[in-house]
Amino acid sequence: VGVSSSNWRAAATLDVLDVLAQLARCCDFGTVDDYLELVAEHGTWDMPDNPQVGVAASRRVGRDAIRTGVEERRAAGFQGPGTNTLHVIGSVAVDVVAPTEARARSYWLYYARTATTPELRSVGQYDDRFVRTGEGWRLFHRRISVG
Amino acid sequence: MDDREAIRQLTARYNLAFDERDVDGWLACFTPDARVEFAGSGRIIEGHDQLRQVIETTDNTGRHTTTDFIIDVDGDRAVQRCHLTELGVDNGRAVVRRFGRYEDELRRDAGTWRFASRRLRYG
């Protein structure tokens with residue numbers, strides 16, 4: 001558990017933390033385009049079966065495929081504005097492995113019925129890779145585990 | 001890295017290492033003479049040997065998350081207070097198993113922050 005004091009690692013850590021938070025917020029409140037702006041063009045999104053909410057496993061490669069996945073989950077009422085759902089991220093550990101590459105592990109909590117009595121529907125972990133592009137840090141690979 | 005962010009990162013690594021049974025990673029979060037106290041039960045664990053026994057024998061299937069960090073740094077020492085939420089999946093349902101509050105003392109040696117003591121009170 002080393003802690004680097006170099007400035008670029010510190011700046012990258014804070015940037016990655018911010019992108020993680022923005023991904024969650026855009027998932028819940030933003031547009032699909034807002035969300036996809038945070039994803040690298042050739043990004044990958046891996047999700048296993050989630051019996052807690054009844055969603056089947058899927059693997060999406062590339063921003064267009066990831067867009068399709070987001071639109072499907074919104075259409076099904078699992079996420080997005082008006083669905084009264086929230087993604088909350090916790091225990092975020094960031095490893096900046098190079099000036100343009102970072103990894104982050106975090107826990108996610110998925111709540112439903114947030115407008116009335118919030119119900120914790122599902123929990124799991126994100127294993128993410130981020131890359132730094134000309135537009136800033138972007139999600140390059142998200143591997144989701146459930147439970 | 002900013003000291004407060006470094007301590008938040010240490011706390012996240014502590015949670016993840018414990019949940020993943022990463023024994024060495026978890027022990028590396030502590031100073032060699034670290035002490036963990038469970039307020040309420042009076043249980044006290046001191047030093048890496050006792051801590052190793054804890055992580056190797058605890059039947060943990062939960063996920064530990066911490067929030068609401070209040071951190072005060074004074075040179076190479078710091079104190080932190082934060083909330084614990086222990087999550088799990090029971091009978092296929094995501095549940096909050098319990099809450100807790102940490103009161104921590106931290107020490108920086110050779111540029112690395114570690115826990116010198118953690119006091120956990122459930123509830």
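Below, read A as the first sequence line, B as the second, and so on, with proteins coming before strands; counting in each chain starts at 1. Note that the structure is a prediction, hence the values are computed from the model and not measured.
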* Asked: Around A:Arg25, counting heavy atoms of other residues, nucleotides and ligands shown, do more than 12 lie under 6.0 Å from its CZ?
  -> no

* Do side-chain atoms of B:Arg13 reach the backbone of A:Val94 as a donor and acceptor pair under 3.5 angstrom? -> yes

* chain A-proximal positions within residues 14-21 of chain B [heavy-atom distance under 4.5 Å] -> B:Asn15, B:Leu16, B:Asp19, B:Glu20

* Under a 4.5 Å heavy-atom cutoff, which of A:Gly90, A:Ser106, A:Pro51, A:Ser91 has the most pairs with chain B? -> A:Ser91

* Taking side chain as C-beta onward, heavy atoms only, is B:Gln9 less than 4.5 Å from A:Leu17? -> yes

* **chain A-proximal positions within residues 52-72 of chain B [heavy-atom distance under 4.5 Å]** => B:Arg63, B:His64, B:Thr65, B:Thr66

* If you count the non-hydrogen atoms of other residues, nucleotides and ligands that lie under 6.0 Å from CZ in A:Arg132, is the total more than 12? -> no

* Asked: Counting only heavy atoms not in B:His48, do more than 12 fall under 6.0 Å of its NE2?
  -> yes

* Just wondering, more than 12 heavy atoms not from A:Arg74 lying within 6.0 Å of its CZ? -> yes

* **Joint cluster assignment, A:Trp108 & A:Val55, ILVMFWY side-chain distance < 4.5 Å** => yes

* Structure fact -> Under a 4.5 Å heavy-atom criterion, the part of residues 116-123 of chain A in contact with chain B comprises A:Glu119, A:Leu120, A:Arg121, A:Ser122, A:Val123

* **Other residues, nucleotides, ligands: >12 heavy atoms within 6.0 Å of B:Asp90 CG** => yes

* Asked: Do B:Ile7 and A:Val16 share a hydrophobic cluster, counting only Ile, Leu, Val, Met, Phe, Trp and Tyr and linking them when any side-chain heavy atoms are less than 4.5 Å apart?
  -> no

* Asked: Is there a path of hydrophobic side-chain contacts, each under 4.5 Å between heavy atoms of I, L, V, M, F, W or Y residues, that connects A:Ile89 with A:Leu139?
  -> yes

* Determine, using the 4.5 Å side-chain heavy-atom cutoff (strictly less than), whether A:Tyr111 and A:Val92 are members of one ILVMFWY cluster. => no

* Quick one: closest heavy-atom pair of B:Ala12 and A:Ala93, and the distance? => CB-N, 4.0 Å

* Kindly work out whether a path of hydrophobic side-chain contacts (I/L/V/M/F/W/Y, heavy atoms less than 4.5 Å apart) joins A:Phe78 to A:Tyr126. => yes

* Structure fact -> Within residues 91-107 of chain B, the residues sitting under 4.5 Å from chain A by heavy atom, in sequence order, are B:Gly92, B:Arg93, B:Ala94, B:Val95, B:Val96

